[in-house]
Undergrad: 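What follows is a structure written as structure tokens; I'll ask about it next.
Please read these numbers as outputs of a predicted model, since none were measured by experiment.
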Amino acid sequence: MNPESKHIEEKLLDYAYGELGSDEAKTVEAHLESCPRCADALIAMKRVRQTMSRLPITPAPAKGLDSLIAYAEQTAHRAQLRQKRRPAWVRWLVPITGVAALSVVLVISGKVVGTRDLPVATRDSPAGIQSEAPSVVAKRPANDETDSQKEMRSEKKRETTGNEWSESSERPAKESRRRDSKVKPQMVNGPRRAHLAKKLGDVPPAGDGDIAEAEHGSPGRGHGAAAGVAANPAAPAPDAKKSRVASESYRDKVMGGVVGGVVGGQINSSSPPRADDREQEAGRLRQALADGAVGQERARLLLRLCNALDDLKRESEADSVCNALIHEFPNSDEAEAALYRQKARATNAEPVQR
Amino acid sequence: LDVHSSDEQLMLAFSMGVVSAFEALVQRHRGPVFNFILRSTGQAARAEDLLQETWLKVIRGAQDYQPRARFTTWLYTIARNLCVDSARKESFREVVSLDSPIRRDGVEQPIAECLPDGQPGPDRAAHNSRLRPLLEQALMSLPRDQREVFVLREYSGVPFKEIAAVVGMSENTVKSRMRYALEGLRKRLAELGVDGDLAEDGRTVAG
């Protein structure tokens with residue numbers, strides 16, 4: 001075997017699969033003319049490929065497709081709220097919304113405590129929050145308890161749906177942090193909650209938003225801070241660390257009340273996010289934009305607003321928001337996403353049969 | 001739908017909340033990924049589960065997605081790792097072949113009825129129905145590491161360089177496995193008597 005032949009033989013595989021550049025391909029072809037050995041080797045490869053190509057492609061099962069898309073929708077909404085940096089306007093928006101939410105909370109929890117006798121809960125709570133802890137401190141974490149429980153329910157479903165992050169290399173650090181912060185309270189409160197629910201008997205389990213719905217007159221899966229809080233008057237008082245987690249989660253909640261509802265929802269449920277939740281979100285986004293968000297934050301807000309309007313089927317409004325985004329931030333990732341959305345809409349294609 | 005949007009653009013759009021971009025990715029890649037998993041594991045029921053797990057991981061990873069590598073590299077790496085894990089877990093259990101019935105909606109069905117034969121014409125179909133089990137047998141006779149490389153290149157159209165990233169080996173190793181796979185298939189097909197116009201004519205690569 002001459003050196004050239006050896007050299008070309010190593011290229012045959014790439015040649016057979018079309019992975020050579022045109023110059024290299026021409027070299028191989030020229031060689032094949034004069035080298036029966038390499039020509040035969042190529043023919044043998046092609047025959048195997050030809051034979052094996054008759055193994056038909058198996059269509060992917062339709063099963064699971066709907067739930068997959070539904071989960072993608074939920075995650076997309078949630079992802080928008082998980083942005084790492086929080087801009088200046090959030091810092092005052094949160095307290096204002098927070099005060100409003102808290103006042104609702106206080107009214108509701110007052111009613112709950114007033115209408116339901118919960119001595120067992122109070123005794124069982126390590127810090128006796130209903131009677132001893134300062135009410136403001138007690139209420140905010142209480143909100144988080146419900147929130148995190150909702151998230152936990154969601155997590156639980158994920159566990160059954162898929163083996164989440166079983167490869168640690170794929171598990172983003174942030175996800176890990178979030179998860180840990182959610183799991184810890186579960187370990188502390190999960191059994192207690194079950195225990196309490198059993199003891200109380202007539203008190204609905206926290207997190208279902210049942211009380212909130214009854215008291216608050218708000219239908220649907222508990223959205224916003226108010227729905228979450230009232231449901232759990234029996235939450236134990238948190239330590240400082242938990243309180244910090246609580247306020248983080250609380251901010252998330254205030255930033256987009258819709259998320260709590262969506263996250264708490266069934267993964268397999270094909271029902272879209274509630275329209276009035278999206279409506280509220282769109283309102284908040286508009287407000288934030290009007291309040292002078294700038295730069296990347298503005299781009300993000302515009303994109304979220306566009307998505308929210310899309311969900312509300314207000315396509316022409318969404319169009320103008322998207323166009324503004326593309327115009328104002330021509331080279332941003334957000335504009336790219338908006339452009340994609342516009343193109344998809346222009347061709348009016350339904351990408352996946354559902 | 002814009003057919004020119006790259007996978008990476010779509011994934012980026014999805015990470016920013018554009019769900020239709022995810023749907024486009026699913027439409028593009030769900031079939032090839034399923035076939036990769038199916039041919040890697042050789043088990044239809046398990047392949048369905050692994051397919052779903054793969055895409056759930058894509059969704060969960062979307063938020064931190066950075067288009068550093070090609071989307072398909074990432075996608076097939078996820079699928080492949082799931083296959084490897086699953087194979088490890090299954091290694092002590094009885095291996096079920098493609099001929100075994102699979103459970104679909106709680107009903108046992110022979111796999112042949114679940115997998116429509118896309119070829120037109122009764123003669124062709126009849127020929128394929130005879131040929132198909134032989135081809136599956138030949139493919140499953142390959143060692144796992146060769147089979148996954150062959151399937152990724154031949155059926156999923158993943159270039160060698162990307163396959164190297166997916167399986168965590170050098171490109172040379174991948175090509176070497178591919179040569180072994182082709183040669184192994186050639187011999188096995190000959191043994192199985194897959195002949196006619198596709199027959200081996202006696203000449204060999206080794207000469």
Undergrad: Does some side-chain heavy atom of A:Leu68 sit less than 4.5 Å from a side-chain heavy atom of B:Ile59?
TA: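 When only atoms from C-beta onward are counted, A:Leu68 and B:Ile59 do touch, with a gap below 4.5 Å.
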Undergrad: Using only atom types and a distance under 3.5 Å, with no angle test, would you say the side chain of A:Arg49 pairs donor to acceptor with the backbone of B:Leu182?
TA: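 No.
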Undergrad: Side chains of B:Arg60 and A:Thr75, heavy atoms from C-beta outward: is any pair under 4.5 Å?
TA: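 In short, these two side chains do not touch, never coming nearer than 4.5 Å.
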Undergrad: With sequence neighbours excluded, tell me which residues meet disulfide bond (SG atoms under 2.5 Å apart) with A:Cys38.
TA: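 A:Cys38 satisfies disulfide bond (SG atoms under 2.5 Å apart) with no other residue.
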Undergrad: Set out, in order, the CA-CA distance, both residues' side-chain angles and the distance that settles side chain to side chain contact (heavy atoms under 4.5 Å, CB included) for A:Arg47 and B:Arg186, then state yes or no.
TA: CA-CA 8 Å; A:Arg47 288 203 167 150; B:Arg186 187 190 63 77; over 6 Å; no
Undergrad: Tell me the closest heavy-atom pair linking A:Leu13 and B:Arg179, and the distance in Å.
TA: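 Shortest heavy-atom separation between A:Leu13 and B:Arg179 comes out as CD2-CG, 4.1 Å.
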Undergrad: I'd like to know whether OH of B:Tyr180 has more than 12 heavy-atom contacts from other residues, nucleotides or ligands below 6.0 angstrom.
TA: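 No - once you tally the heavy atoms of other residues, nucleotides and ligands closer than 6.0 Å, there are 12 at most.
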Undergrad: Could you check whether any side-chain heavy atom of B:Tyr155 comes within less than 4.5 Å of a side-chain heavy atom of A:Met52, counting everything from C-beta outward?
TA: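 Side chain of B:Tyr155 against side chain of A:Met52, heavy atoms only: contact under 4.5 Å found.
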Undergrad: State, yes or no, whether a side-chain contact exists between B:Gln9 and A:Glu336 at a heavy-atom distance under 4.5 Å.
TA: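 Contact flag for B:Gln9/A:Glu336 side chains = yes.
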Undergrad: Are B:Arg39 and A:Thr58 side-chain neighbours, meaning at least one heavy-atom pair lies under 4.5 Å?
TA: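 Yes, close enough: below the 4.5 Å cut-off.
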Undergrad: Keeping B:Arg30 on the side-chain end and A:Pro61 on the backbone end, is there a donor-acceptor pair under 3.5 Å?
TA: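 Confirmed, B:Arg30 side chain pairs with A:Pro61 backbone.
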Undergrad: Name the region of B:Leu12, side chain, backbone, both or neither, that has any atom closer than 4.5 Å to a heavy atom of chain A.
TA: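 The side chain, not the backbone.
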Undergrad: What heavy-atom pair brings A:Asn307 and B:Gly17 nearest, and what distance separates the two atoms?
TA: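 The answer is ND2-O, 3.6 Å.
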Undergrad: Is A:Glu19 paired with B:Arg153 through a side-chain N to carboxylate O contact shorter than 4.0 Å?
TA: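 Yes.
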Undergrad: A:Asp14 versus B:Lys175: any side-chain heavy-atom pair under 4.5 Å?
TA: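 In short, these two side chains touch, coming nearer than 4.5 Å.
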Undergrad: Tell me which of these, B:Leu50, B:Leu185, B:Asn172, has more heavy-atom pairs under 4.5 Å with chain A than the rest.
TA: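 Counting heavy-atom pairs under 4.5 Å, the top option is B:Leu185.
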Undergrad: With a 4.5 Å heavy-atom cut-off (strictly below), which parts of residues 160-170 of chain B touch chain A? List them by number.
TA: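 The list, in residue order, reads B:Phe160.
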Undergrad: Output the option from A:Ala337, A:Ala72, A:Cys306 having the highest count of non-hydrogen pairs under 4.5 Å with chain B.
TA: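 So the answer, after comparing A:Ala337, A:Ala72, A:Cys306, is A:Ala72.
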